[in-house]
Amino acid sequence: MAEAYFPVGPGLGMEENFLSLDDILMSQEKLPGRAESALPRLAVLLGQGAGSAESIPEGSKLEIPLWLAKGLHDSKRRIISVELPKIFKEAWRTVFSADANVVDLHKMGPYYYGFGSQLLNFENPENPEIAQTDCVCSLQTFIARFRRIMDSSQNAYNEDTSALVARLDELERALFQVGQKGLNDFQCWEKGQASQITASSLVQNYGKRKLTEVDG
């Protein structure tokens, strides 16, 4: 009998979990950058040439997938430089500070929070600012949006929530689904359609991790 599939959660902070589908998809997100030296045989991969042997000249502007940018980035050898994506720049931080709930995060970047933490993997003069402002901004954005997300998930029983969910990043969508499942389970229990209320999978997984840490 086949075992049930349990989704693997994404990594935390700068670390990726390569068994996580969310992290695999996040690694395809593009970063703006610049070739600091010639990049042989990468033109086709980056959509800048037709022949497999074509090189990217030094100084070329690039749109680099996160996984490739992390592989090419080297603090000792200047191969590529990575720029801050526009959604993490000061202009957007101002928008988030004014009213984080108005932003369509999924349109701007479906893995906004995880992708933002990955920017700290790249050594550049902006890193201290990224760490102190962008991470704080991401946390404040998450806090500002979290209450509305959970309120909506708990007050939308058998309602169409597609318009709200469409504007959420993947982490927020997962939280919304957890809230909806909790509401549905409670409604079933209240109607006598469930024998007992069970702990959520998030609580159960947290307990398992704590037991593993104690045993280790």
Side-chain angles (χ1 to χ4, degrees), residues 1-29 66 87-88 92 95-118 134-216:
M1 182 176 178
E3 294 184 2
Y5 170 72
F6 294 98
V8 178
L12 298 174
M14 295 167 61
E15 298 299 324
E16 291 176 87
N17 186 339
F18 290 102
L19 296 177
S20 167
L21 291 178
D22 282 327
D23 277 357
I24 293 171
L25 293 172
M26 180 186 67
S27 71
Q28 303 296 322
E29 293 288 303
L66 173 63
I87 194 172
F88 295 99
W92 275 103
V95 173
F96 286 127
S97 298
D99 187 355
N101 287 310
V102 304
V103 181
D104 186 340
L105 270 194
H106 202 269
K107 181 179 180 180
M108 300 304 297
Y111 297 95
Y112 171 77
Y113 301 107
F115 190 60
S117 65
Q118 290 295 313
D134 284 284
C135 289
V136 171
C137 181
S138 296
L139 178 60
Q140 291 174 341
T141 299
F142 179 77
I143 292 172
R145 291 167 64 94
F146 176 78
R147 180 169 183 174
R148 183 188 178 200
I149 291 168
M150 297 312 294
D151 282 348
S152 298
S153 72
Q154 296 296 295
N155 292 286
Y157 187 61
N158 289 334
E159 295 180 16
D160 183 7
T161 60
S162 56
L164 170 64
V165 173
R167 301 172 63 84
L168 306 181
D169 110 309
E170 292 299 323
L171 172 61
E172 294 174 335
R173 288 184 176 188
L175 291 171
F176 184 85
Q177 290 171 0
V178 169
Q180 284 271 278
K181 184 179 184 304
L183 174 62
N184 290 333
D185 289 348
F186 176 76
Q187 294 286 349
C188 289
W189 174 82
E190 194 174 44
K191 295 174 182 177
Q193 298 172 352
S195 58
Q196 61 180 355
I197 296 179
T198 58
S200 74
S201 58
L202 291 177
V203 174
Q204 292 175 354
N205 291 336
Y206 177 76
K208 291 177 182 178
R209 288 200 300 269
K210 296 300 289 184
L211 287 174
T212 302
E213 293 173 4
V214 171
D215 292 341

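Just so you know, these numbers use all the heavy atoms, side chains as well, and skip hydrogens, waters and symmetry mates.
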Give the minimum heavy-atom separation between [X] and [Y], together with the two atoms involved.
X	Y	result
R167	V103	NH2-C, 3.7 Å
D169	L171	OD1-N, 3.0 Å
Y113	F142	OH-CA, 3.4 Å
N101	R148	O-NH1, 3.5 Å
L164	S152	CD2-CB, 3.3 Å
I87	M108	CD1-CB, 2.9 Å

Ion pair check, K181 and D185, cut-off under 4.0 Å: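 Yes, K181 and D185 are salt-bridged.
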
Please round to the nearest 0.5 Å and tell me the distance separating atom [atom1] of [X] and atom [atom2] of [Y].
X	Y	atom1	atom2	result
R147	I143	CZ	CD1	12.5 Å
L105	R173	CG	CZ	10.5 Å
Q177	E172	CD	CD	12.5 Å
M26	S117	CE	OG	6.0 Å
L66	S27	CG	OG	6.5 Å
S153	N184	OG	CG	10.0 Å

Distance-only polar pair, side chains of E170 and H106, donor-acceptor under 3.5 Å: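 A donor-acceptor contact under 3.5 Å links the two side chains.
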
Y111 ring center near F115 ring center (under 6.0 Å):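 Centroid separation for Y111 and F115: 6.0 Å or greater.
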
Partner residues of E29 under the salt bridge (charged side-chain N to carboxylate O under 4.0 Å, His left out) criterion, sequence neighbours left out: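 None.
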
